[in-house]
Number of protein chains: 2
Amino acid sequence: MTKWVYSFGKEHNEGDATMRNLLGGKGANLAEMAGLGLPVPPGFTITTEVCTAYYENEEQYPTELKAQLEEGLGRIEAQMGAKFGDAENPLLVSVRSGARVSMPGMMDTVLNLGLNEETVKGLAARSGDARFAWDSYRRFIQMYGDVVLGVDHHEFEDVIARYKRDEDLVQDTDIPAEGWQEIVDEYKAVVLRETGKPFPSDPHEQLWGAVGAVFGSWMVPRAITYRKINEIPGDWGTAVNVQSMVFGNMGDDCATGVAFTRDPATGENYFYGEYLINAQGEDVVAGIRTPQSLTKKGRKKEGSDLPSMEETMPEVFKQLDDVRIKLETHYKDMQDLEFTVQKDQLFMLQTRSGKRTAKAALKVAVDMVEEGLITQDEALLRVDPQSLDQLLHPTLDPKAEKDVLTRGLPASPGAACGKVVFTSEEAEVRAHGGENVILCRQETSPEDIAGMHAARGILTSRGGMTSHAAVVARGMGTCCVAGAGELHIDVQGKVIRVGEREIREGETLTIDGSSGEVMFGEVATIQPELSGDFGMLMEWADKRRRMKVRTNAETPLDAKTAREFGAEGIGLCRTEHMFFDAERIQNVREMIFANDEEERRAALDKLLPAQRGDFASLFEIMNGLPVTVRLLDPPLHEFLPHAQDDIDQFAKTAGISQADVCQRLNELHEFNPMLGHRGCRLGITYPEIYEMQARAIFEGALEAADKTGKPPVPEVMIPLVGAVRELEILRGKVEAVAAQVFEEKGESLDYMVGTMIELPRAALTANEIAQAADFFSFGTNDLTQTCLGMSRDDAANFLPAYVGQGIYERDPFASLDVDGVGRLIEVAIHGGRQTNAAVKLGICGEHGGDPASIAFCESVGLDYVSCSPYRVPIARLAAAQASLRMQEGRLGKSEAPVKGAKKAA
Amino acid sequence: MTKWVYSFGKEHNEGDATMRNLLGGKGANLAEMAGLGLPVPPGFTITTEVCTAYYENEEQYPTELKAQLEEGLGRIEAQMGAKFGDAENPLLVSVRSGARVSMPGMMDTVLNLGLNEETVKGLAARSGDARFAWDSYRRFIQMYGDVVLGVDHHEFEDVIARYKRDEDLVQDTDIPAEGWQEIVDEYKAVVLRETGKPFPSDPHEQLWGAVGAVFGSWMVPRAITYRKINEIPGDWGTAVNVQSMVFGNMGDDCATGVAFTRDPATGENYFYGEYLINAQGEDVVAGIRTPQSLTKKGRKKEGSDLPSMEETMPEVFKQLDDVRIKLETHYKDMQDLEFTVQKDQLFMLQTRSGKRTAKAALKVAVDMVEEGLITQDEALLRVDPQSLDQLLHPTLDPKAEKDVLTRGLPASPGAACGKVVFTSEEAEVRAHGGENVILCRQETSPEDIAGMHAARGILTSRGGMTSHAAVVARGMGTCCVAGAGELHIDVQGKVIRVGEREIREGETLTIDGSSGEVMFGEVATIQPELSGDFGMLMEWADKRRRMKVRTNAETPLDAKTAREFGAEGIGLCRTEHMFFDAERIQNVREMIFANDEEERRAALDKLLPAQRGDFASLFEIMNGLPVTVRLLDPPLHEFLPHAQDDIDQFAKTAGISQADVCQRLNELHEFNPMLGHRGCRLGITYPEIYEMQARAIFEGALEAADKTGKPPVPEVMIPLVGAVRELEILRGKVEAVAAQVFEEKGESLDYMVGTMIELPRAALTANEIAQAADFFSFGTNDLTQTCLGMSRDDAANFLPAYVGQGIYERDPFASLDVDGVGRLIEVAIHGGRQTNAAVKLGICGEHGGDPASIAFCESVGLDYVSCSPYRVPIARLAAAQASLRMQEGRLGKSEAPVKGAKKAA
C-alpha cells in the first residue's frame, strides 16, 4: 500500500530533508528540524504524489488517503492532548502547501482551521481570551473564505471597516471580543451571500476543503506562470502540510517572525529578520503592520525606532539565535526561518535555504569557506552563475546629480532606471517593446509576477524587507525599493504623488535597491567593482575549470572590458561591425557598387588601412592571447542605404545615379537573407574582399607583435562553410595572402585557419571539413536557426506559444537545444576528431554565455567558450561548475543540467 | 615503371574496351576493334593518366613517356613499313584526343602529321600524286596552325580564297599541285607572321606539339563548360591517340564517312550514315560539302539525288555492312562508326556507343530485346530516364495550320517554338529571363554549347545529320533542324531571309526536328502517345521496381495526367494552392484579418465547402489509391494583397480600413519567411485552420467513398515538424476532428497521420517523432535549404559559381546532396524505424523525379517517391533501374550513382 501521509514532530517523525521530492521543501524541512530536536509543532505531510495522482486521476484522491490522514490527525491529537472538533479542547491546525522548490506567495495557506461555533468557545475557555478566540475564528473564516471558497477578501475587509466606522474605532486591536463575534456572523452572511452555501462548520469538511484548495492552487494560472518562468515541471506537484496551530497573537508574550541566518541582501553574517508582537505569521509577510527588527544591529541599520526582539524578548531571542546557529551548521547554508512565540515559548514553523541576492550569495559562499563550513568546490556550486549578471552591471555613480524624491527600504540591490508603469500588463507590453520600465505598486501580489519579471526595477509604497515584492525581487535578481511610504501610488489615476510633485506613467525614475533611494529622471552610473569576494570566487573557479573562456568583441572598449572580466582571448571578432563606421561605410558601399573586380579592389584598398588598424589594436589589447577573426559574413545589402535620404546622399557622394542605386538595391534584395549570399559565399564570389581582410589581419598582427613583443596567433575564421571545398579554396587564398605579407615585411608569425560550424551540413560533413580546418567554432545562433528551421528575428510570433505548450522546454536561442543542435555538435566533434585529432573546438554563439549550454559544452569536451564581455565571469563560474559536475559524474554526454531544475524521470 | 603508352593494331594490341578509363573511349575501342580482327590502322594511345599527371605536375610529362612513345612509334613504323620523318617513305600519323566519355567536337585533331618539305616529296613520289601530297601538307599546316599554334583559321582560308581569285578558280579541287605548293609557302609565312616562329619542320617536334595541344585543350573554357554541363569530373583527363594515317582523299577510289548501325533519330534498324568520295574525315563532319547517304534506303528517305555508297562502292559497302553487324553483335548496342576507304581498302577509325534520341533509345532497346540481343533488364538500363522527358511533351498537331517557310534535315526530333536569337549569349540571356528561344546559326561550333543548352530548339542553314549542331542537339535531347539551305541567316544583321520574307530577332518560329519543317509563328501541339515501345518499357519497369511512384498534385487536371502516366497515388497535395482561387482568396484574407478565434472560425467556415470539394474530387480521381494531403504550409502573408490596387480592393470588400490592412501587412512581414511562422507553427498558433482542413479531408473522403465504392485512405501530413510535441498536439486535433466527422456521418474510414521530414532537427529526432507518426515524407526541398543553409530563391547569385568551382558537384536543388541531406535522411530512417518499424517512408521534394536521387531513395529503402505528373514515367524507369542496380550490388548505401559519371576514386 502506498504511503501517502508522513507525520512529523517530536514523537512521530517519519521524514527528513532528503525526502524533498516526496514531502515538498517545507514538509521535508519540518521533519528535519523535528529530527534535530528543534521545537516544531506536530503535524503531517500529504505527499506530492497525492497531487500528481489527483491530477492524473480526474481530480480524485487515492482511496487510502482518508484513513492515512485520519491516522496522522490522531497522532497530532495525541501529542497535543487536544481533539479536532472537540468543543472543550479543540485542536486547531494550519494547512499549507509545500512544493519541492520554494514558490513564495504562490500557494495558499489556511490558519486556525477547526474552529466553529462550538470549538471557538472551547478555545476561548482554554486560552482565557475570548477576544483572541473570536479574532482567530474571523481570521479563519476570512482566509478560508478567500482561499477555499473564492470570496473576494475585500468583502471581509469591508465588514471590519464598516464595524470600525460604526463603532468609531481606529485599530483592529481596538475591536473587542463581542465585536469579532458580531463580525464572524457578518462574515458567515457574506459567505452565504457570495457562495450560496453556509460556511462549513464541520472541521473535517473544513480540512478536506483546505487540502483540496492547496491542490487546486497548483493549477491556477499564476502558479503555472511562476513554474514557466522558473522552469519547474508541472508534474512535480505540491505537498500539503497539516500542522498543529501555535499562536503568536495570544498577547504580548506572543510574537511571530521571519528571519534569515545572514543578511540576504548583502550576505553579511548577522541575524537578520523581522517580527511582530501579538500577531499571526501572515501579518508580517503581508506588510500591513510595519515589522520590527530582530536584532539591535538590524534596528540600527534600518534606522528604526521600534525595539528589536533582542531587546523585548531577550530569552526567546537567545533560543532563536541558538536555533539559527544549529540550522546553519546543520544545513551548511544560509537559512530562511519562520517562527512563532506562543506565551514565551518558541516554535519553528519553517526552515529553508534562503533566497539571496547575487552579492549575498557570493559573500555567504566565500565567508562559509573561510568559516570552514564548506569547501571551495561547494562554494563554487553555491552561486548561480546567471545571478552574477547583477554584479557586473553599473551601479549609480555616487558623484552623479540626483533628484531624490524619497527613500524606501533597500529591498533588492542594484540600480535601475526606467519608465513608470502601474500594472503588470503595462510592464510586459512596454518591456516587449524594448523599453525599460519600473513597476510601481502599493504592494505586489502573485498576480504581478509576470510584470515583475518584465520590469527593470520594482517600487512599492508598502511592505517590509520580507514583503512579497522584496522576496520575489531578490529571487529574480531585480532591483527593488519597498515600503517607500511617502509615495502615494494611484494605480487607477496612473500617477505617483510625493509631496507637491506628480510622476505620471511613462516618466522616468531611477531606483537604487542598495540605498532605497527613489530619484526622478535618469542618474549616471559607474562600473562594478570586481575584486573582493567576487575576485576570490573567480580565482577558485579558474583553478577548477577545464575550458578556456574567450569573448566576442570587435571594439577596443569591449575587448578591454572583457580582459578586465578575465577573458582569455577573443573567440569571435565580427569584422562587419567595423564596416558601419560613418567614415568607412561610403567605401564599403562603393565596393558593393563596383562594376568589376578592379573597381572593387580599388574600393577595398581604401578600406585596408582602417581594417589593419582595427586588428592591430585588438591584437595589442589581447597581448599575445588568441584572437579569432571572422571574415565578412552578412549579405552585402545590409551595408546599403535604405531610407530615401541615405540613398540620395550616397548616390550624390558616389556619383552614381539614383536609378542605378535603386536597381542595385533591387538586385541585392533577398527573400531569405539568412540563407542567402553571405558568409564564405561572398568569399567565393568576391575573393578580393577576403583577401583584403586577410591582408589587414596579417599586417595588423605583425604591427601588434612589434609593439607588444608578444606575437598574436591570429585565427582566421571562414564563416558559413557547408562543404569542405569552400574552405579549401578560401584557405588557399588566405595562405597566399599570408605568404605575400610575410615576404613583403620580412617577418612572419604563426596563424590558424578554421571555420564556423553553423550549418547542419557542416556538422554532418565535419570529417571532411576538419581536414582543411585548424579549428571549429560552433556558431550556435545560426546552427539553431538552420537546424530548427527557425528565424530568430521572426520567431516572436510563435516561440512563446512553443515554450508555453512545452514544445521546446526553453527558448532555443537562449539555451542550447541539446536534442537537436547539441546532437549536430556531437556529430561534428566526432567527425572532426576522426580526421584531425588536433582540431581546436570552441563555441561563439550567444549560448557561450548561458550556464546550461556551457555545461553541455563541457560534457562534449569543447576547448573554450566565447561570450559577450559582461558574461565572461558567468562563463568562468559556469565552466568551473560544469567541470566539477563532470568529475562527480553528474553531467552525462548530451545531458546538460537545466537551470534550477530538471524534469522528473 | 608505369606504362603510359598502349599500342593497338593487328600486330601489337595491348588494350581492349574494358580499359576505357585508362585509354579513353576512342583508344579502348580502337584496340577492341583490332582485337576483333577489323581493319584498324596501327597506332598507340597515350593514357589519360598522363593527362592527370601532367596537370598535377605543373604541366610536365612523366619522364618515362618519351621512351615509351618512341617505342610505340617504332611499332607503327614496323607495321606500316614506313618511317616517321623519312624522306623516301614517310610515316604520317593523326593525333586525336579521346576522353573516357565521348565529347563531340570538343577536342582537337591533327591529321597528316609528319609532313615537311622533304617528306612531302616522298609522299608525292609514293602516292604518285603530287597534288594530293601538297594538299595534304597544306591541310596539315592549316590544322596544326589552328589547333596547336593558335593561328586563326580565317588567315589560312584567306590565302586559298586569294589564290583562287587570282587564278580565277572556283573549287578547291581546281587547284593544281603547284597551287597547293604555293599555298603551303604562304601558309608558312602566315605562321611566321602570326606566331613569330617558323612552322616546325621536325616531325618529332610536330608530334610533341600536337600531343601537348590535346592535353592543353582539356582545360580550355569550352571543354570545361562541356564537362560542367555533362557532369564530367575534370580529373578524368583525356587520352591521346596517335595513329597511322590512311587517306580518303587520294582519288575517286577513296572515301571517308561516318555511320550509325541504326537510325539514331528514330531507332529504326537500318544502316544509317553519310560518306564523301575523295575527302578527308573532317570534311564530312564540318558540313562544308553535303555528304551522301550510305544506303539506297537512306538516300530515298532523305530524297537525295546523290548516289549512295551502296551504289558507288558496292564491295566496300558490303565489307562495311559486315563490320556493322559484327560490331552490333559484339557490343550489343547501337554503334557510331568512322571509316575511311583508301584505294578501295576499308579502314575503321572509330566505334563507339551511338548517341541517340530518346525515341531511338527506346526503340533500339525494345527492338534489341525482340531480336534476342539483350534482356529486358539490359533494355531497362539502356534508356536514360531523364531522356524520356522528350517523349512526354507535346508534338506538333498534324491538323494545325502551318506557315512553312522551308524544310531542313530532321536532325533531332521533337517540336519547339520560340523567339529567334542569333547568338549563344542572347540565347542564354533570354532563356534566363524565362523566354523560349530558337538558336539560329549558319552552323554551330563548340563555342555555342551554352546557348544550345539554353535554347528550346536549334536551326542551322548548313551541315548534315552528323554536323556539330545535329550531334550535340541529339545528345542534349533538344530539337534541331539542320542544313536548311534556303535560309540566309545573317547573324550580324540579326535577320533570317527566306525567299522574299524576313524574320527578325525576337519573332517566333516553330521547328519540327522530326520532319525538318521550319514554320513561322506558333503551331498548335498535341499530347504524346504513351503506348508502343514506351508502354512496353514501362511495363518491364513496373515489373522490376520495388518503390511505388506517386505524384505531387492538387488540381484534378494534374491528378488525371499523373494517373495516365502511371502514378500510384498522390504523395503531396499542397492545400495552399487551393486557397489562391479568385473566389476563395477573399475568405482566406478575411480569415487572416480576423481579430480573434471566433472571427477566424467564421471565415474558415466559408472556406470549408470548397476545400471539401477539392479533396472529394482528388479522392475520386485516385479511386482508392493513397492520397497525402499536406495541411497549410506557407506563411500567411503569402495570401495577402501586396500591390496597392489589390490592397484597396481587399480593404473595400472586407470593410477594413486601408491603414489597418497595411498595419497587418507590416505585422506579418518576415525577415526570413522560409524560417518563419509557417507549417505546423500555424497549426499550433491557429489550430482552427488545421481543424477546418482536417474536417474537409474526412468529409471529402467519405463523399468520395460513397461515389466510387473504394474508400480512400487519406494521409494527413503535418508540415515543418521539428519536435515530436508539435506532431502530438496536432495529431490529437486531427484525430478529434476525425472522430467528430465519423460520428456526425455515421460512417468512418481508415486514415493515417504523419509528417514531412524537412528540418534537420526532425531528422535528428526522428526516433521521437516516429512514435507519433504513421508516415514520414521527406520534404527534400526544404531539407536542402535548411541543411545547406541555402535559400533556393536566393541561390542564383552564387550557386553557378559553386557548381563551377566544384564545391557542389551538382545543383543540390535538382539532385539530392547525398553527403549532407542524404545523411540526414539516413539518420531519420534509422531513428524512425527504431521506434516505429512500420513507419511508411516516402519522398515528396522535387528530387523525387530526379533519377540519381531516386537511386539514393532505393538505396536507403524508401517505400515510394512522389514527383510532378510529367516526371512519373521517368521515376518509374529510374526506380526500376535502381532496383536492378541494387540487385547487382552496384548501389551501396549512401552512394547513389551520378548521372553519366562518378568522380574517380
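Numbers restart at 1 for each chain; the letters A, B, ... are given by sequence-line order, proteins then strands.
If you tally non-hydrogen atom pairs under 4.5 Å between each of A762(A), A763(A), P673(A) and chain B, the highest count goes to P673(A). Between chain A and the options E667(B), Q785(B), Q805(B), heavy-atom pairs under 4.5 Å are most frequent for Q805(B). Among N797(A), L824(A), N672(A), the residue making the largest number of heavy-atom pairs under 4.5 Å with chain B is N672(A). Of the listed residues (T685(B), T765(B), L788(B)), the greatest number of heavy-atom pairs within a distance under 4.5 Å of chain A belongs to L788(B). Chain A forms the most heavy-atom pairs under 4.5 Å with one residue out of L720(B), D793(B), L682(B), I807(B), and that residue is I807(B). Counting heavy-atom pairs closer than 4.5 Å to chain A, the top-ranked of the candidates P635(B), A723(B), G789(B), G820(B) is G789(B).
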Stepwise side-chain contact (heavy atoms from CB on, under 4.5 Å) check, F593(A) with D660(A):
CA-CA 9 Å; F593(A) 273 83; D660(A) 284 354; 5.6 Å; no
Evaluate salt bridge (Lys or Arg N to Asp or Glu O under 4.0 Å) for D633(B) paired with R678(B), printing each intermediate quantity in order.
CA-CA 6 Å; D633(B) 184 53; R678(B) 52 168 289 231; 2.8 Å; yes
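By the neighbour-count criterion of 12 heavy atoms within 6.0 Å, atom NE2 of H830(B) is sparsely surrounded, having that number or fewer from other residues, nucleotides or ligands.
Contacts of V827(A) with chain B are made by side-chain atoms alone, with heavy-atom separations under 4.5 Å and no backbone atom involved. Using a 4.5 Å cut-off between heavy atoms, E768(A) touches chain B through its side chain atoms alone. If you measure heavy-atom distances from A795(A) to chain B, you find no contacts under 4.5 Å at all. Looking at R681(A), the atoms closer than 4.5 Å to chain B (heavy atoms on both sides) sit in the backbone and in the side chain alike. For D817(A), the part sitting under 4.5 Å from any heavy atom of chain B is the side chain, from C-beta outward, and nothing else. Of the two parts of E758(B), neither the backbone nor the side chain holds a non-hydrogen atom closer than 4.5 Å to a non-hydrogen atom of chain A. Of the atoms belonging to I729(A), it is side-chain heavy atoms, and not backbone ones, that fall under 4.5 Å from chain B.
Proximity of a side-chain donor or acceptor of R761(A) to a complementary backbone N or O of C787(B) within less than 3.5 Å is not detected.
Side-chain contact between E638(A) and E576(A): absent, with no pair of heavy atoms (C-beta onward) separated by less than 4.5 Å. In this structure the side chain of S777(B) never reaches within 4.5 angstrom of the side chain of I843(B), judged on heavy atoms. Residues L675(B) and M790(A) form no side-chain contact, since every pair of their non-hydrogen atoms from C-beta on lies 4.5 Å or further apart. With a 4.5 Å cut-off on side-chain heavy atoms, L572(A) and R630(A) count as touching.
Using a 4.0 Å cut-off between charged side-chain N and carboxylate O, E846(A) and R792(A) make a salt bridge.
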